[in-house]
Number of protein chains: 2
Amino acid sequence: MLAPDRRLPIYLRIQDALAAEIAAGKWRPGEAIPAEEALAKRFGAAVGTARKAIEGLVAQGRLERHQGRGTFVRRADFGNMLFRFFRHTGADGAPLRPTAKLLARRKSKADAATARRLALPVGTATIELFRLRLIEGAPMLAEEIVVPHRRFAPLLALAKDAFGDLLYPLYETACGQIVVQAREHLRFGQAPPHIAKALCLPPKAPVAIVERTVFAVDGQPLEFRVSYGAAERFSYTIDIK
Amino acid sequence: MLAPDRRLPIYLRIQDALAAEIAAGKWRPGEAIPAEEALAKRFGAAVGTARKAIEGLVAQGRLERHQGRGTFVRRADFGNMLFRFFRHTGADGAPLRPTAKLLARRKSKADAATARRLALPVGTATIELFRLRLIEGAPMLAEEIVVPHRRFAPLLALAKDAFGDLLYPLYETACGQIVVQAREHLRFGQAPPHIAKALCLPPKAPVAIVERTVFAVDGQPLEFRVSYGAAERFSYTIDIK
DNA sequence: CAGTGGTCTAGACCACTCC
DNA sequence: GAGTGGTCTAGACCACTGG
């Protein structure tokens with residue numbers, strides 16, 4: 001159960017063992033793992049040592065602790081993650097909730113680039129979505145989304161207006177796919193014609209382009225998404241210590 | 001010495017006390033703070049409690065620990081921080097070191113915007129620098145820099161070619177000013193004429209604009225800097241958990 | 001070698017949550 | 001009230017650094 005490498009401190013070996021069990025899906029995101037004392041007994045270590053292992057996983061964002069309730073496998077909240085890149089406060093400075101509109105949906109096959117991004121063989125069946133995100137009815141972002149058909153087949157059966165404003169909760173309820181991690185790549189470019197049209201921008205308008213890949217617990221890519229937004233609305237702040 | 005607030009756990013009170021002493025400059029960046037045992041004795045707590053306070057400050061990036069050597073006030077390494085935004089690998093994929101060229105330097109007075117950014121009264125004496133960053137001799141970034149004259153007067157006396165490739169080490173050696181933190185704001189726009197010229201770009205070329213404010217230990221702004229780089233060379237990756 | 005941080009233990013008591 | 005994590009203590013031993 002524990003990595004037998006005697007060179008590693010006990011708490012790290014416990015940490016690795018727990019991380020592996022989490023990745024293997026022994027506990028689903030949102031579920032509680034055993035209490036400190038139970039873990040300590042199981043691994044034959046002191047409670048403080050088990051605690052240190054847990055603290056490491058909390059720091060990594062894999063677990064969440066709540067006093068009096070327990071330690072839980074973290075559910076990522078990717079709610080309006082992408083909107084942190086764009087100004088969207090109302091007249092009173094309050095943050096506004098974006099809505100979503102599904103413009104198109106179709107079955108497709110992975111080309112070379114998509115296959116690489118989703119770690120699939122070329123030609124694998126995929127589902128493509130074209131979606132608009134709006135603030136107070138005004139288009140802010142256009143999104144092209146690709147997911148593997150094998151995991152996401154229910155998305156094709158769903159009524160178009162059953163897609164809500166947030167996709168990741170739908171992935172979970174409709175397809176049982178849970179997003180736990182994301183990588184985003186940011187660049188600037190010109191809007192392709194269909195994007196410019198969807199965003200009500202002039203052709204070749206400058207846009208910020210965010211390419212996002214999201215991953216499941218097991219590290220497999222779940223979705224690849226390219227989002228376009230008007231460059232002049234883009235705004236991002238970074239703190240460095 | 002310790003915050004008297006009995007509601008806070010001891011380790012947090014120690015943490016606050018140490019953070020205040022660091023901010024007050026009791027130990028300079030790079031210097032060691034007292035050993036765990038000494039701190040524990042001084043604060044009347046157990047070693048483990050002092051250790052927990054230290055761990056918090058390490059997590060915040062204010063301290064660094066080295067086994068067998070001690071615990072040190074962190075020196076920020078802002079080396080080529082900004083270049084993480086721009087592609088600049090050579091033909092062999094190896095990272096390239098940018099060089100710098102000081103194009104202009106002059107004494108000035110803070111206008112309203114600058115005064116706000118540097119937390120100075122309007123009209124305070126400042127020094128402005130205009131600088132070019134190059135990769136293999138090709139201009140990559142143009143930078144407009146403003147610093148308060150009071151802290152940075154030696155920069156005016158310095159020979160223009162005594163400015164090296166990195167400014168922050170110079171701030172420290174020539175002016176005794178140590179940078180410990182930064183905030184960057186990223187946006188997208190068109191190059192003003194003098195910037196386009198410096199970067200050898202067509203007028204109004206699309207550029208990424210990074211506005212950076214850097215801060216001293218005591219939280220006072222030390223420098224405000226606007227950097228411009230060609231938008232098509234911009235590229236930034238973010239991992240989210 | 002002395003001094004430092006790193007690991008580990010064992011147990012006490014507190015604070016919070018939920019039944 | 002039972003069970004959970006949060007704080008705190010006290011001390012042991014190890015691993016690394018530097019003179």
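Residue numbering restarts at 1 for every chain, and letters A, B, ... go by the order of the sequence lines.
In this structure, A:Arg13 places its CZ atom 15 Å from C1' of C:dG6, rounding to the nearest Å. If you measure from atom NE2 of A:His66 to atom C1' of D:dT4, you get 12 Å, rounded to the nearest angstrom. Atom CZ in A:Phe72 sits roughly 12 Å away from atom C1' in D:dG3 (whole-Å rounding). B:Ile10 places its CD1 atom 9 Å from the C1' atom of D:dT9, with the value rounded to the nearest Å. If you take CD of A:Glu37 and P of D:dG6, they are 15 Å apart, rounded to a whole angstrom. Atom CZ of B:Phe43 and atom C1' of D:dC8 are 16 Å apart (whole Å). Computed from coordinates, the A:Glu36 CD to D:dC8 P distance equals 15 Å when rounded to whole Å. For the pair A:Glu64 CD and C:dC16 P, the interatomic distance rounds to 19 Å; values are reported in whole Å.
In this structure, A:Thr49 does not reach the C:dT7 phosphate: none of its side-chain N or O atoms is under 4.0 Å from OP1 or OP2. For the pair A:Lys52 and C:dT7, the criterion of a side-chain N or O lying under 4.0 Å from OP1 or OP2 is met. In this model, the phosphate group of C:dT4 is not approached by any side-chain N or O of B:Arg65 to a distance below 4.0 Å at OP1 or OP2. Look at B:Thr71 and you'll find a side-chain N or O under 4.0 angstrom from OP1 or OP2 of C:dG5.
Checked by atom type and distance alone, the side chain of B:Arg28 never pairs as donor or acceptor with a backbone atom of B:Ile178 at under 3.5 Å.
The nearest heavy atom of DNA chain C to A:Gly44 and to A:Gln67 marks one nucleotide each, and the one closer to the 5' end goes with A:Gly44. Of the two residues near DNA chain C, B:Ile54 and A:Arg69, the one whose nearest nucleotide lies more 5' is B:Ile54.
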Given side-chain contact (heavy atoms from CB on, under 4.5 Å), test A:Arg183 with B:Thr237 step by step and report yes or no.
CA-CA 7 Å; A:Arg183 166 165 294 179; B:Thr237 298; 3.9 Å; yes

Using the salt bridge (charged side-chain N to carboxylate O under 4.0 Å, His left out) rule, take A:Glu36 and A:Arg65 through it: C-alpha gap first, then chi angles, then the decisive distance, then the call.
CA-CA 11 Å; A:Glu36 295 175 331; A:Arg65 319 197 78 186; 2.8 Å; yes

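Residue B:Ala32 is out of contact with every strand shown, counting any heavy-atom pair closer than 4.0 Å.
Between A:Leu129 and A:Leu167 the shortest side-chain heavy-atom distance falls below 4.5 Å.
Across all non-hydrogen atoms, the minimal contact from B:Ile14 to B:Ala53 is CG2-CB, 3.7 Å.
Remark: the A:Arg51 side chain and the D:dG6 base include a donor-acceptor N/O pair separated by less than 3.5 Å.
When distances run from any side-chain atom of B:Ala35 to the nucleotides C:dG5, C:dT7, D:dT7, the shortest one goes to C:dG5.
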